[in-house]
Structure formats: C-alpha cells, structure tokens
Number of protein chains: 2
Amino acid sequence: MKARRQTAILDIVRHEPIRSQEQLRLMIKASGFDVTQATLSRDIRELGLVKGGADGAYQPPGRVEVNGHTAKAMFQRALASQLRRIDRVQQLVLLKTGLGHAQSLCAALDGAELPDVVGTLAGEDTILIITPDARRARTLVKRLEEMSQT
Amino acid sequence: MKARRQTAILDIVRHEPIRSQEQLRLMIKASGFDVTQATLSRDIRELGLVKGGADGAYQPPGRVEVNGHTAKAMFQRALASQLRRIDRVQQLVLLKTGLGHAQSLCAALDGAELPDVVGTLAGEDTILIITPDARRARTLVKRLEEMSQT
DNA sequence: CATTCGAATGTATAAATATTCTTTTCCCGC
DNA sequence: GCGGGAAAAGAATATTTATACATTCGAATG
C-alpha cells in the first residue's frame, strides 16, 4: 500500500502545487488513500520531496525550478556582491568580477533573463554580454548599474 | 542590511546543514545579525531556499555545483542510503532504488563521473547504466557494491 | 522641519510539520 | 492456526514555520 500511495503522491505533487500536507491529504484521499498527516510527513521524507523554492510547494528532488522573480533577486544579490566594474564597447557590455566569480554571476545573469541580452560568455573574472546594438547596450549598462546599487 | 544578511544566510546554508530557522538564527547572530525567526522565514522565502531532501536541511535552489571529491562522496552516501539492488544484463547495469529516488541518485552518479559509464537513464525507481561491454559492466558492479557498503 | 509613505522588522499567534509513543497489520517459521 | 517480530500507520503532542498586525526607520516631499 505504501509504495502505491507514494507513487500517487509523486503524481499529485508533479501535477499541481501542493503547499501543505493537509492539502495533500485531501487530494490523496480523493485517489483512494485515507491516511493521516503523520503518514504523509513520513512519505514526504522517504520520497525526498523538497518544500520551498519559488512558490512554497512540494517538489520532487533534483531540479528545483526558480521562477523569474527569484532569479532576478538572486542575480541582483550576486551583482551587488561580485561586480567590480562595467564597461561598454559598441554593442558589447563587459562585467568585471572578483577572480573566479564570473561563472556564477553569469549563471545568475542568464537566469534573470534581462531584455536586450542576446548572449553571454564568462571567463575567470570577466563576463561578456552581447546586445543587439550600442543603444540597447547603453540601456543595459544603466539597468545593471541601478540593480547593483540596491 | 537585508542584502548582506541574506548573503550571509546563503553562506551558512551552503557550508553546513541547517535544519531549523532557530538554528540558523543562532548561527547568523554569531555573524553579527541579530534578527527574529520571522525575519529569517521571510529571507528564506526571498532567497528561494528549499527544505527537505535527503537530510531535511535548507538548501540553495538550482543546480549545486560540486567538485569531484565532493561529488563522489555525495554519490557514495546516496548510494548507501538509497540503493536496493544491483543487476547486470550484458553490458547494462540496473540499479534499483526506493521509489522516487532514482532521479536524484542518478544525478549523483553522473556527478561522480565513474569510469566505464557511457550513459545513464533514470526512471522512478530504476537506473539504467550503459557501459561499453559486459566485462566492464562486471567491474562497475563490483565497484558500486564496494561503495555502497562503506 | 513636519509629514507621509513604504520597506523592513518585531511581536504574537495561527498554521503546518515532525516526532514520540501506541496500536494495528502483515509476514514468517513453527 | 498461532506467537513473535518488524513494518506501517494512527493519536497526541512538541517543534517549527508562516502570517496578521504593530512598530520603526529612512527617504522624499511640501
């Protein structure tokens, strides 16, 4: 019984956001498993489900998705703590970071999905951002400067 | 203040398993931020931290990058706790896990970058490992059995 | 300055979750 | 079938987390 119930839990959790065990209890009852919250607490641990992230819902382990808002916030924090300098050359924007931080900041940058960013490249301490043209590069620089000051 | 405190939270959470906000409160107080649990609850949501998984600790969202040594250790621990059975069919190795654990164990397996592993596939409770030939599949089985016993 | 607005945080408490202890269920070997 | 033991689940409760509301603080504005 336990195995089948746990399969059902995975199904439910994957298909819609469940934010409490009581909510899960009702859903799983509808699937024909009438158990208490305590049992679900155990199931959840055994399945390694994870709670929190963007929407505070339970998620299967592995990839935890980050929504736009969180991604942007993460980027902003990364920016504030790691950015050393911003330069622009034509339609290219160059970010200088502390040594070794370019990769992680670049990942956060990609996650934030800022407009006008066509592509990015990260080295050891430098990130290259490609934008469509010089005008939009200037706009991006302004935006990044604002974000890094917060 | 908030930004710096949240950065500090990330640091702490990355370095050791934190299983409650009260525990986190003490740690962060030691870092010079004296705030209440309510504030930490809000910080945790804003950071998109996730709780649960293997050890019930808070974790940063997204893909956690790890070096080779850590990856191997993680894999070994995952193996010890989640592996149910090992089978081999020709050059294929099948790992059976507890329901729902195949994905995460498979991720750890990939991270460990074991020799002779050509590719992997994970279902709900089964992992398929493809090796070049039956001989190396046997070698891999032996290695996995050793690792899981430690 | 005083005022107002909003973000950040604290306080108190409600809500959610984990856990301890007990009961039930389900296999085995006899 | 019948103990004995282990796994599973329930009940009650302790612990942990989220939230409603109040307060403080700082920047912007008149």
Side-chain angles (χ1 to χ4, degrees), chain A residues 1-10 12-13 16-29 31-61 64 67 69-70 72-74 76-77 80 146-150, chain B residues 1-10 12-13 16-29 31-61 81-82 84-85 96-101 125:
Chain A
M1 197 84 294
K2 188 168 84 157
R4 241 168 316 167
R5 185 184 62 239
Q6 292 186 344
T7 306
I9 290 174
L10 279 181
I12 291 172
V13 156
E16 57 192 302
I18 299 293
R19 302 170 58 96
S20 83
Q21 297 179 2
E22 181 58 20
Q23 189 185 347
L24 179 60
R25 199 178 67 79
L26 296 178
M27 305 250 32
I28 201 132
K29 187 172 182 180
S31 308
F33 300 92
D34 196 349
V35 293
T36 60
Q37 171 266 326
T39 297
L40 294 180
S41 174
R42 292 170 188 128
D43 284 343
I44 282 168
R45 176 169 31 200
E46 284 169 26
L47 288 169
L49 294 191
V50 127
K51 187 188 184 190
D55 57 354
Y58 284 102
Q59 312 264 359
V64 175
N67 72 18
H69 180 267
T70 309
K72 205 158 178 180
M74 286 176 68
Q76 198 156 345
R77 240 192 336 281
E146 283 169 13
M147 290 181 79
S148 69
Q149 278 159 16
T150 311
Chain B
M1 196 85 289
K2 190 168 85 158
R4 241 169 315 169
R5 185 184 62 239
Q6 292 187 346
T7 304
I9 290 174
L10 278 181
I12 292 172
V13 155
E16 57 193 299
I18 300 292
R19 302 170 57 97
S20 83
Q21 298 179 1
E22 181 58 18
Q23 190 184 345
L24 178 58
R25 199 179 66 79
L26 295 178
M27 304 249 34
I28 200 127
K29 185 172 183 182
S31 307
F33 300 91
D34 197 349
V35 293
T36 61
Q37 170 266 326
T39 297
L40 294 180
S41 174
R42 292 168 187 131
D43 284 342
I44 283 169
R45 176 169 35 198
E46 284 170 26
L47 288 168
L49 294 190
V50 126
K51 188 190 183 186
D55 56 355
Y58 284 102
Q59 296 173 344
S81 68
Q82 297 172 4
R84 295 290 166 79
R85 195 154 52 83
K96 199 83 175 181
T97 71
L99 193 64
H101 286 133
D125 63 357

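Please read all numbers here as calculations on a predicted model, not as lab measurements. Here is the naming used below: chain letters follow the sequence lines, and residue numbers restart at 1 for every chain.
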> Does some side-chain heavy atom of A:I44 sit less than 4.5 Å from a side-chain heavy atom of A:L24?
Replying inline: yes
> Nearest-Å distance, NZ (B:K51) to C1' (D:dT17)?
Replying inline: 8 Å
> Pick the nucleotide of DNA chain D nearest each of A:A38 and A:E46; which residue has the one closer to the 5' end?
Replying inline: A:E46
>> Applying a 4.0 Å non-hydrogen cut-off, can you work out what B:T36 is touching in the nucleic acid: base, sugar-phosphate, or nothing?
In response: base
> What does B:S20 touch in the nucleic acid at a heavy-atom separation under 4.0 angstrom: a base, only the sugar-phosphate, or nothing?
Replying inline: sugar-phosphate
> Does the side chain of A:R5 come within less than 4.5 Å of A:T39's, by heavy atoms?
Replying inline: yes
>> Just N and O in the side chain of B:Y58: are any of them under 4.0 Å from OP1 or OP2 of D:dT17?
In response: yes
>> Is the shortest side-chain heavy-atom distance between B:Q59 and B:K51 below 4.5 Å?
In response: no
> Whole-Å distance between C:dG10 P and B:I28 CD1?
Replying inline: 12 Å
>> Whether A:R25 contacts C:dA16 is assessed here as follows: a side-chain N or O lying under 4.0 Å from the phosphate OP1 or OP2. Is that the case?
In response: no
>> Less than 4.0 angstrom between a side-chain N/O of A:R45 and OP1 or OP2 of C:dT19, yes or no?
In response: yes
>> Output the rounded distance in Å from CZ (B:R19) to C1' (D:dT15).
In response: 12 Å
>> Could you check whether the side chain of B:Q37 and the base of D:dA18 have a donor-acceptor pair of N or O atoms closer than 3.5 Å, going by distance alone?
In response: yes
>> If you compare every side-chain N and O of B:Q21 against the phosphate oxygens of D:dA18 (OP1, OP2), does one of them come in below 4.0 Å?
In response: yes
>> Just the rounded figure in Å: distance from P of C:dG10 to CD of B:E22.
In response: 13 Å
> Whole Å only: how far is the CZ atom of A:R5 from the C1' atom of D:dA8?
Replying inline: 8 Å
> Which whole-number value in Å describes the distance from A:I44 CD1 to C:dA18 P?
Replying inline: 7 Å
> Within the structure shown, what part of the strands sits under 4.0 Å from A:D43 by heavy-atom distance: base, sugar-phosphate, or nothing?
Replying inline: nothing
>> When you measure from the side-chain N and O atoms of B:T39 to the phosphate of C:dA8, is any distance below 4.0 Å, counting only OP1 and OP2?
In response: no
> Out of C:dT9, D:dG10, C:dT17, which nucleotide sits closest to the side chain of A:V35?
Replying inline: D:dG10
> Does the side chain of B:Q37 come under 3.5 Å of the side chain of B:E22 through a donor N or O and an acceptor N or O?
Replying inline: no
> Got B:V50 and B:Y58 here, is their nearest side-chain heavy-atom distance under 4.5 Å?
Replying inline: no
> Has the side chain of A:R42 got a donor or acceptor that lies under 3.5 Å from a partner of the other kind on the base of C:dT20?
Replying inline: yes
> In whole angstroms, how far is the P atom of C:dT9 from the CG atom of B:D34?
Replying inline: 12 Å
>> Could you tell me how far apart A:F33 (CZ) and D:dA8 (P) are, to the nearest whole angstrom?
In response: 15 Å
